[in-house]
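Okay, handing you the structure first.
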Amino acid sequence: MAENKSYFFCGIGGSGMLPLAMIVAARGDAVSGSDRSRDQGRTPGKFAWLESQGIAFYPQDGSGPKADQILVASAAIEDSVPDIAAANALGLPRMTRADLNAELFNAADSAIGVGGTSGKSTVTGMIGWILESAGRKPTVMNGAVMRNFSGDDRPFASALVGDAAIYVSEVDESDGSIALYRPDVAVVTNISLDHKSLEELHALFADFLLKARVAVVNIDDEESTPFLSLDNHISFGFSEGEDTDIRGSDFEALPDGCRFAVHADGTAYRVRLRMPGRHNAANALAAIAATHAAGTTVAQAVEALADFAGLARRYEVLGQAGGVTVIDDFAHNPDKVAATLAAVSELPGRALIFFQPHGYGPLRQMGKELAASFAAGMRPDDKLFVCDPVYFGGTVDRSIGSEALVADIVAGGADAVHLTTRAACGAAMLDEAKAGDRILILGARDDTLTEFGRELLGKLALSA
């Protein structure tokens with residue numbers, strides 16, 4: 001990339017936009033932006049921190065874009081949005097987040113791309129931490145805050161800026177932008193219904209894996225089975241047999257994480273994770289396989305993973321009050337919900353689950369499958385509270401909402417209720433909660449979900 005570029009990010013606070021803005025800013029490019037959430041007064045701390053990093057902010061009223069800038073905006077954002085209209089009037093070149101990220105990714109000598117329906121952010125964070133611990137100085141582009149890299153001076157560390165020659169990034173299949181990436185090492189964590197049909201997903205992931213020098217494939221995932229015939233693949237998973245290159249065994253759930261064995265190259269290693277759930281053990285196997293393909297030893301990876309602190313909103317324990325534990329989690333599609341509920345069920349204690357669907361469109365696309373995941377994963381004493389889907393404006397068909405989802409969950413045999421507002425759900429959970437329970441906050445595309453969880457924790461503390 002040429003130096004001294006100037007970028008205007010429309011929607012700069014988004015989980016995919018913020019880390020990308022931080023990477024290009026750290027490399028010396030000028031960055032400014034706008035965000036509807038900032039204008040609405042949501043998550044002010046995040047935007048104040050971004051401003052402290054030298055990023056100039058404008059209201060999303062068309063006043064921000066300037067001549068000679070490059071506009072970075074979602075492909076889906078309407079031309080009627082004032083900033084887009086202003087940029088178009090100025091004739092600014094436009095890139096999507098994926099366009100810009102792929103440009104950085106493809107310019108790296110060693111590029112590790114992480115795709116899949118679930119676990120992308122966690123595996124990306126694990127890979128970044130393993131490489132950093134091994135002294136490789138990677139640049140990491142993630143969709144979630146990586147707690148190993150965050151602190152008082154970097155509270156929103158969803159990016160790590162290191163050597164431009166080694167670039168680690170999660171890649172998105174939901175909009176087809178995965179096709180833009182040319183990985184050296186390509187990881188597919190798993191494949192299940194999310195934003196596209198399985199037929200479309202198989203085609204996208206096959207193209208992604210075929211481009212790579214090494215394709216890292218989940219041997220436990222039925223939908224990934226066709227990729228095991230690729231000549232460039234290495235496999236990971238808990239399946240026994242000589243065909244599993246990085247194999248896990250002896251999984252054990254612990255109150256504060258899990259442990260298991262890893263078998264690779266004729267050697268067995270013991271792994272201790274500070275993250276719960278068999279799905280996170282599988283994520284660790286994927287990260288070990290990817291970093292091994294990139295030249296890091298399995299022993300180095302195992303040692304680093306013992307200190308991996310996880311990601312924000314990935315089964316993140318916010319605290320405990322009155323004997324009730326509050327957990328914040330990103331689960332929002334059928335596969336992620338199933339994994340989270342499986343982790344919950346590994347330990348005793350009733351679960352009071354709050355779920356905010358991440359949009360009306362996703363409910364139409366996968367509502368039946370979501371309902372099936374909840375109904376199958378919830379235990380008899382667990383209770384689910386569902387509010388209306390997240391909605392920040394715009395034109396969207398809102399004819400199918402949370403009431404349909406809850407009806408299907410109840411029909412599947414689980415205890416669920418639809419209360420229109422988040423506040424009503426919170427009040428109901430607090431009335432229900434007793435010592436030994438765990439309250440889970442589930443959902444995506446809304447930074448204020450974590451604040452909601454902390455509010456509930458504070459109210460529990462006051463009543464304790």
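Positions are given from 1, in the same order as the sequence printed here.
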Is any side-chain heavy atom of Leu305 less than 4.5 Å from a side-chain heavy atom of Ile288?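 Sidechains of Ile288 and Leu305: in contact.
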Within the 3.5 Å criterion, strictly below it, is a donor on Asn101 or Tyr167 matched to an acceptor on the partner's side chain?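 Looking only at side-chain atoms, Tyr167 and Asn101 do form a donor-acceptor pair, the distance falling under 3.5 Å.
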Between Arg438 and Asp382, does a salt bridge (charged side-chain N to carboxylate O under 4.0 Å, His left out) hold up when you go through it step by step? CA-CA 10 Å; Arg438 280 172 287 173; Asp382 294 341; over 6 Å; no
What are the two closest non-hydrogen atoms of Ala253 and Glu346, and how far apart are they?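 Smallest interatomic distance, heavy atoms only, reads CB-OE1, 3.5 Å.
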Using the six-membered ring wherever Trp is involved, compare the ring planes of His332 and His358 and label them parallel, tilted or perpendicular (cut-offs 30° and 60°).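 Plane angle over 60°, so perpendicular.
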When rounded to the nearest 0.5 angstrom, what distance separates CG in Asn333 from CE in Met366?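 One gets 5.5 Å once the value is rounded to the nearest 0.5 Å.
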Where do Val188 and Phe205 come nearest, in terms of heavy atoms and distance?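 Heavy-atom minimum between the residues: CG2-CD2, 3.7 Å.
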Option from Leu160, Ile112, Val140 for which side chain to side chain contact (heavy atoms under 4.5 Å, CB included) with Leu131 holds: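 In the set Leu160, Ile112, Val140, the residue that makes a side chain to side chain contact (heavy atoms under 4.5 Å, CB included) with Leu131 is Ile112.
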Using a 4.5 Å cut-off on heavy atoms from C-beta on, say whether the side chain of Leu311 contacts that of Thr124.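 No; the side chains remain at least 4.5 Å from each other.
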Can you check side-chain hydrogen bond (donor to acceptor under 3.5 Å, both in side chains) on Asp335 and Thr117, steps first, answer last? CA-CA 8 Å; Asp335 196 53; Thr117 306; 5.9 Å; no
Heavy-atom pair of closest approach, residues Phe236 and Ala289: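 Looking at all heavy atoms of both residues, the shortest contact is CB-CB, 4.4 Å.
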Examine distances only and state if a side-chain atom of Asn148 and a backbone atom of Asp307 form a donor-acceptor pair shorter than 3.5 Å.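 Present.
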Which pairs count as side-chain hydrogen bond (donor to acceptor under 3.5 Å, both in side chains) when at least one residue sits in residues 404-432, sequence neighbours excluded?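 For residues 404-432, and leaving out neighbouring residues, the side-chain hydrogen bond (donor to acceptor under 3.5 Å, both in side chains) pairs sorted by first residue read Arg350-Glu432, Gln356-Arg422, Lys368-Asp408, Lys383-Asp415, Asp388-His418, Arg422-Asp446, Arg422-Thr448.
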Is the side chain of Thr244 donor-acceptor paired with the backbone N or O of Ser239 at a distance under 3.5 Å, no angle test?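 Yes, Thr244 side chain to Ser239 backbone: donor-acceptor pair under 3.5 Å.
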Looking only at the side chains, is there a donor atom on one of Ser158 and Asn142 sitting less than 3.5 Å from an acceptor on the other?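 Result is no, nothing qualifies.
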For a quick test of reading the model, state the closest non-hydrogen atom pair linking Val114 to Phe208 and the distance between them.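 So the minimum-distance heavy-atom pair works out to N-CZ, 4.4 Å.
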Between Ile55 and Met22, is a side chain to side chain contact (heavy atoms under 4.5 Å, CB included) present by the stated rule, with each step listed? CA-CA 9 Å; Ile55 291 177; Met22 297 311 301; 4.0 Å; yes
If we ignore hydrogens and angles and just use 3.5 Å, is the side chain of Glu316 paired with the main-chain N or O of Arg313 as donor and acceptor?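 Confirmed, Glu316 side chain pairs with Arg313 backbone.
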Any donor-acceptor N/O pair, Thr139 side chain to Gly162 backbone, under 3.5 Å: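 Such a contact is found between Thr139 side chain and Gly162 backbone.
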Nearest-0.5 Å distance that lies between atom CG in Leu384 and atom CG in Leu405: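 It is 7.5 Å, given to the nearest 0.5 Å.
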For the OH atom of Tyr58 and the CG atom of Asp39, what is their distance to the nearest 0.5 Å?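 Here the interatomic distance stands at 13.5 Å.
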Is a donor on one side and an acceptor on the other found under 3.5 Å between the side chain of Asn218 and the backbone of Asn190?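 Looks like no, no N/O pair under 3.5 Å.
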Is the cationic atom of Arg314 (NZ for Lys, CZ for Arg) positioned less than 6.0 Å from the six-membered ring centroid of Phe330 and within 45 degrees of its normal?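 Yes, a cation-pi geometry.
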Measure the OH-CD1 distance between Tyr269 and Ile246 for me, rounded to the nearest 0.5 Å.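 Rounded to the nearest 0.5 Å, the OH-CD1 separation comes out at 8.5 Å.
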Decide whether Asp328 and Thr450 meet the rule of one side-chain donor and one side-chain acceptor closer than 3.5 Å.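 Yes - a donor-acceptor pair under 3.5 Å links their side chains.
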Donor-acceptor pairs under 3.5 angstrom involving side-chain atoms of residues 452-463: please list them, not counting sequence neighbours.
unit_1, atom_1, unit_2, atom_2, d
Ser463, OG, Lys459, O, 3.2
Ser463, OG, Leu460, O, 3.1

Between Asp83 and Ser34, is there a side-chain donor-acceptor contact under 3.5 Å, judged purely by atom types and distance?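 There is such a pair between these side chains.
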Tyr181 side, atom OH; Phe105 side, atom CZ - distance, nearest 0.5 Å: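 One finds 7.5 Å between OH of Tyr181 and CZ of Phe105.
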Report the C-alpha separation of Leu341 and Met378 in whole Å, then their side-chain angles, then the decisive distance to 0.1 Å, and conclude whether the side chain to side chain contact (heavy atoms under 4.5 Å, CB included) test is met. CA-CA 7 Å; Leu341 295 181; Met378 291 171 62; 4.1 Å; yes
Closer than 3.5 angstrom, by distance alone: can the side chain of Asp329 be matched with the main-chain N or O of Leu442 as a donor-acceptor pair?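 Here the side-chain-to-backbone pair does not exist.
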Thr189 side chain to Ser118 backbone, donor-acceptor under 3.5 Å: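 A pair under 3.5 Å: yes.
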Measure the spacing between CZ of Arg259 and CZ of Arg270 and express it to the nearest 0.5 Å.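 Taking CZ in Arg259 and CZ in Arg270, the distance rounds to 7.0 Å.
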Under the criterion side chain to side chain contact (heavy atoms under 4.5 Å, CB included), I'd like the reasoning laid out for Leu100 against Phe9: C-alpha separation, chi angles, the key distance, then a yes or no. CA-CA 11 Å; Leu100 180 54; Phe9 284 74; 3.9 Å; yes
Met146 and Glu132, any side-chain heavy atoms less than 4.5 Å apart: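 In short, these two side chains do not touch, never coming nearer than 4.5 Å.
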Write down the atom of Gly13, the atom of Asp35, and the distance for their closest heavy-atom approach.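 Taking Gly13 first and Asp35 second, the nearest heavy atoms are N-OD2, 2.8 Å.
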Is there a donor-acceptor pair under 3.5 Å between the side chain of Thr340 and the backbone N or O of Lys336?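 Answer holds: yes.
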Non-hydrogen side-chain atoms of Phe355 and Cys425 separated by less than 4.5 Å: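 They are not in side-chain contact.
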Sequence neighbours excluded, every pair satisfying side-chain hydrogen bond (donor to acceptor under 3.5 Å, both in side chains) that has a member inside residues 43-54: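 Checked against side-chain hydrogen bond (donor to acceptor under 3.5 Å, both in side chains) - neighbours excluded - the pairs reaching residues 43-54 are Lys46-Asp447.
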State, yes or no, whether a side-chain contact exists between His263 and Glu240 at a heavy-atom distance under 4.5 Å.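 A side-chain contact under 4.5 Å is absent here.
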Any heavy-atom pair between the side chains of Met275 and Phe308 that's under 4.5 Å?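 Contact flag for Phe308/Met275 side chains = yes.
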Are any non-hydrogen side-chain atoms of Val31 and Ile12 less than 4.5 angstrom apart?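 Touching, per the 4.5 Å side-chain cut-off.
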Of the options Val271, Val262, Asn280, which is the one that meets Leu285 in a side chain to side chain contact (heavy atoms under 4.5 Å, CB included)?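 For Leu285, the side chain to side chain contact (heavy atoms under 4.5 Å, CB included) test succeeds with only one of Val271, Val262, Asn280, which is Val262.
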Which heavy-atom pair separates Val171 from Gly113 by the least distance, and what is that distance?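 Closest heavy-atom pair between Val171 and Gly113: CG1-CA, 4.4 Å.
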Arg278/Phe238 under side chain to side chain contact (heavy atoms under 4.5 Å, CB included): CA gap, chis, key distance, verdict: CA-CA 10 Å; Arg278 190 182 179 93; Phe238 282 90; 3.4 Å; yes
Just wondering, more than 12 heavy atoms not from Gln320 lying within 6.0 Å of its CD?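 Yes - once you tally the heavy atoms of other residues, nucleotides and ligands closer than 6.0 Å, there are more than 12.
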Do Phe156 and Leu50 come within less than 4.5 Å of each other through their side chains, counting heavy atoms only?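 Sidechains of Leu50 and Phe156: no contact.
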Keeping Arg379 on the side-chain end and Gly349 on the backbone end, is there a donor-acceptor pair under 3.5 Å?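 Judged by distance alone, yes, a pair lies under 3.5 Å.
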Return yes if some donor-acceptor pair links the side-chain N/O of Glu170 with the main-chain N/O of Gly143 below 3.5 Å, else return no.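 At least one qualifying donor-acceptor pair exists.
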CA sep, side-chain torsions, deciding dist, call: Arg42, Glu451, salt bridge (charged side-chain N to carboxylate O under 4.0 Å, His left out): CA-CA 10 Å; Arg42 291 186 287 120; Glu451 295 175 9; over 6 Å; no
